[in-house]
Each structure stands twice: as structure tokens, then as C-alpha cells.
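In what follows, a structure is listed as C-alpha cells, so that the remarks can point back to it.
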Amino acid sequence: MPRNLGKALERLLGPHKDGRMCTHQLYKNRGLAMIRKIDVPMVKNQVTGQWTFAQRTWFDYDGCLKGGRYLGMEAKEIGSDQLPIGASGLKPHQLEALINFHAMGAVTGVLWMPDRDRCYWLSGEFLKRFKDLFYEKPYKYIPLRTVEVTCPQVMTKDGFIDYLPSALTVVGP
């Protein structure tokens, strides 16, 4: 069973209330991008007492890159040798939306942190190729070994996440 690493990736991306530098603050300070975390409201079921999302989740982050291009990104911290597609990982509707937005010219992708020392950028183009070639035939997950040889590692040696250069190397649909 994949394990969630907690909020490590979210803390690295920021923003930090204590003023420490994080990825999105650095991008903003350098005039490269304005990126925000999208928080989906939660509601408590009065009968069961369980908390659920008030609406269908979208991407974890979206924003605007210098020059006006839209960025949509999902962030996953699943400690496993596979990124599930389904309830415990990347939702099928998120996969479809990332691919469709990419086809319209947006910069899209998934930041996947399989452990505390690595983080990969899975571009919209990679997601499209994966879906076209493998999804449901037989995979319901993206194997880490495929990501390791295909996608750029975006965590620096000092633990900083710098995905924007990799996200911008994939141009167009």
C-alpha cells in the first residue's frame, strides 16, 4: 500500500508564514510566475461524522507564468514504486484535465515525490503518452522505473524543488 509522506512537498512549495523562502515565493520574487495552492472546502457529514470534499477536487496548484501562460499542477507525495491512478493517487478526472489543458497550450504536470530525497516532474506530454500507450492496458498506475528514465528529477541537492525549468522545456501539445 502506498504511503503518504505528509505535507513535505506542500511545505517545500510554500508559502511559509514564517518568511522562509520556498519554491513559489522564489518564482514570484524573480518575476517568473504567480502560483497558488487551491484549497478545496471540506464538509462534515452530520450522520457519519466523516469529513469529505465539498466539491470535486481540481488541481493542487494553478497560476500564471511570465508571459501569460497558464500553469496547472497536481502534487503527489506517495512513497511507493508506483503512482496510482484512482482514489488513492492521481484521480482519472485530474489526469484527463491535465492532458486536455496541455493540449490547449497550458503548462501542466504532476510533481511526484516518491520519497524525501527525490521529486519528479511528469509533464502533460508525458501523461498523454502514458495514457495513450499504457493506461488501462494493463496499468492503473505509473511505474516509478518509467518515471526515473523518462522524467526530470527536480529536487536539488539541498532539498529545494525547482520544477519550472523542466516544465518549460516541454513546449506545446
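As the structure is a prediction and not an experimental result, all values here were calculated from the model.
Counting only heavy atoms from C-beta outward, the side chains of Val154 and Asp162 never approach each other to under 4.5 Å. Within the 4.5 Å cutoff, side-chain heavy atoms of Leu12 are placed close to those of Met155. Residues Leu122 and Leu127 are in side-chain contact: their nearest non-hydrogen atoms beyond the backbone lie under 4.5 Å apart. Between Asp62 and Arg36 there is a side-chain heavy-atom pair separated by less than 4.5 Å. Residues Leu111 and Ile161 form a side-chain contact, since some pair of their non-hydrogen atoms from C-beta on lies under 4.5 Å apart. Residues Thr108 and Met73 fail the side-chain proximity criterion, which asks for heavy atoms closer than 4.5 Å. Looking at Phe130 and Pro143, their side chains come closer than 4.5 Å, going by heavy atoms from C-beta outward.
With hydrophobic clusters built from ILVMFWY side chains whose heavy atoms lie under 4.5 angstrom apart, Val149 does not share a cluster with Phe126. Note on Met34 and Ile38: separate hydrophobic clusters, where clusters join Ile, Leu, Val, Met, Phe, Trp and Tyr whose side-chain heavy atoms are under 4.5 Å apart, directly or indirectly.
Partners of Glu148 according to the side-chain hydrogen bond (donor to acceptor under 3.5 Å, both in side chains) rule, which considers only residues two or more places apart in sequence or in another chain, are Arg118. Partners of Asp117 by side-chain hydrogen bond (donor to acceptor under 3.5 Å, both in side chains), not counting sequence neighbours: none found. Taking Arg129 as the reference, nothing meets the side-chain hydrogen bond (donor to acceptor under 3.5 Å, both in side chains) condition, with sequence neighbours excluded. With sequence neighbours excluded, the residues forming a ring-ring contact (aromatic ring centres under 6.0 Å, His included) with Phe101 are Trp58, Phe59, Tyr70, listed by chain and number. Taking Lys66 as the reference, nothing meets the side chain to side chain contact (heavy atoms under 4.5 Å, CB included) condition, with sequence neighbours excluded. Looking at residues two or more places apart in sequence or on another chain, you find no ring-ring contact (aromatic ring centres under 6.0 Å, His included) involving Tyr120. Asp81 pairs by the side-chain hydrogen bond (donor to acceptor under 3.5 Å, both in side chains) definition with nothing, not counting sequence neighbours. Among residues two or more places apart in sequence or in another chain, the salt bridge (Lys or Arg N to Asp or Glu O under 4.0 Å) test is passed with Asp60 by none.
The main-chain N or O of Cys64 is never found under 3.5 Å from a side-chain atom of Arg69 such that the two would form a donor-acceptor pair. For the pair Thr23 (side chain) and Leu13 (backbone), a donor-acceptor distance under 3.5 Å is absent. A donor-acceptor pair is defined here as one N or O able to donate and one able to accept, closer than 3.5 Å; no such pair exists between the side chain of Lys37 and the backbone of Gly14.
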Query raised in the report: Stepwise, does the ring-ring contact (aromatic ring centres under 6.0 Å, His included) test hold for Tyr163 with Tyr27?
Result: CA-CA 10 Å; Tyr163 65 89; Tyr27 290 166; 5.5 Å; yes

Query - Lys91 vs Glu74, salt bridge (charged side-chain N to carboxylate O under 4.0 Å, His left out): CA-CA, chis, key distance, verdict - result: CA-CA 10 Å; Lys91 312 289 185 287; Glu74 185 64 20; over 6 Å; no

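Here NE2 of His24 is found 8.5 Å from CG of Leu164. Values are rounded to the nearest 0.5 Å. Between the CG atom in Leu144 and the OH atom in Tyr141 there is a gap of 11.5 Å [rounded to 0.5 Å]. Taken from NZ in Lys128 to CG in Asp132, the straight-line distance is 4.0 Å, to the nearest 0.5 Å. The line from OG of Ser80 to CD1 of Ile142 is 12.0 Å long, rounded to the nearest 0.5 Å. Rounded to the nearest 0.5 Å, atoms CZ (Arg116) and CG (Leu9) are 10.5 Å apart. Atom CG of Leu83 sits about 5.0 Å away from atom CH2 of Trp112, to the nearest 0.5 Å.
Among Pro165, Cys151, Ser166, the single residue meeting the side-chain contact (heavy atoms from CB on, under 4.5 Å) criterion with Trp121 is Ser166.
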